[in-house]
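One structure below.
Whatever order the structure lists ligands and atoms in, that order sets their numbers, starting from 1. No experiment lies behind these values; they were computed from the predicted model shown.
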Amino acid sequence: MWQISKNFALSEFIDSDTAERLGIDNTPSEQAVENITLLCTKLLQPLRSLYGKPMHINSGYRCEELNKAVGGVETSDHRQGLAADIRCDNPKALLQCLLASKLVFDQAILYPTFLHLSYRPTRNRERVIRK
Ligand SMILES: [Zn+2]
């Protein structure tokens, strides 16, 4: 699978243990691939370069079936390839790094073990939620 940016490959956004286990085909549409690329080049890679430490994609793109299987909300940005759940050494520090940067994002949702980040083609809201 091809490399989107220095530290991220498309496969990282598509591969899912749940999809594999349940035999779900999580192949994204061309539009979803475009969205993943945008999310990666506008937000994730610049953030990765600032943070300077590994960021692992727990969950990126989710087809309808996979989204249902993981209990995602129907309107989830993951459905469009516009969001990623990121695991790293310290999700709280990653959020701090994002907020200290000038990077544009739509939503940052801090969970105990990962940070959900989304980026939209237009009208990014820069909304921060701490769970
Ligand atoms: Zn998420």
Side-chain angles (χ1 to χ4, degrees):
M1 280 276 193
W2 82 80
Q3 200 70 18
I4 303 177
S5 65
K6 185 167 174 254
N7 296 106
F8 296 101
L10 182 61
S11 57
E12 296 176 63
F13 292 83
I14 296 166
D15 291 352
S16 156
D17 291 343
T18 307
E20 200 169 312
R21 183 165 47 82
L22 301 175
I24 296 170
D25 178 6
N26 195 41
T27 306
S29 64
E30 263 181 55
Q31 181 62 59
V33 172
E34 250 178 63
N35 289 342
I36 292 166
T37 305
L38 194 71
L39 167 71
C40 200
T41 54
K42 297 284 188 184
L43 179 58
L44 301 187
Q45 184 59 53
L47 182 61
R48 169 67 180 79
S49 300
L50 280 174
Y51 194 59
K53 282 180 269 186
M55 283 163 49
H56 176 85
I57 312 291
N58 268 356
S59 182
Y61 172 74
R62 295 177 196 153
C63 68
E64 191 176 358
E65 217 182 331
L66 176 59
N67 194 49
K68 270 185 196 152
V70 299
V73 289
E74 229 169 282
T75 54
S76 169
D77 284 328
H78 288 280
R79 285 283 297 106
Q80 321 296 329
L82 292 169
D85 295 339
I86 294 154
R87 184 160 51 78
C88 65
D89 64 334
N90 185 345
K92 205 172 166 183
L94 184 60
L95 175 61
Q96 243 113 51
C97 181
L98 172 68
L99 297 179
S101 76
K102 297 252 186 289
L103 294 170
V104 170
F105 62 97
D106 186 55
Q107 283 200 110
I109 308 176
L110 181 65
Y111 291 87
T113 56
F114 66 92
L115 180 65
H116 165 108
L117 290 178
S118 64
Y119 183 91
R120 291 184 171 175
T122 57
R123 296 176 187 235
N124 285 286
R125 297 169 293 174
E126 313 223 346
R127 199 156 87 175
V128 178
I129 299 164
R130 289 173 174 88
K131 291 272 182 186

Problem - Donor on one side chain, acceptor on other, Asp85 and His78, under 3.5 Å - result: yes
Practice task
Kindly report the ND1-the Zn ion (ligand 1)-NE2 angle for His116 and His78 respectively, rounded to 10°.
Solution key: 110°
Practice task
Look at Asp77 and state whether any of its N, O or S atoms is less than 2.8 Å from the Zn ion (ligand 1).
Solution key: no
Practice task
Have a look at Asp85 and say which of its N, O or S atoms is nearest the Zn ion (ligand 1).
Solution key: OD1
Problem - Lys131 vs Leu110 side-chain heavy atoms within contact, under 4.5 Å - result: no
Handout entry: Sub-4.5 Å side-chain heavy-atom contact between Ile57 and Ile86
Key = yes
Problem - Check: Gln107 main-chain N/O paired with Ser118 side-chain donor or acceptor under 3.5 Å - result: yes
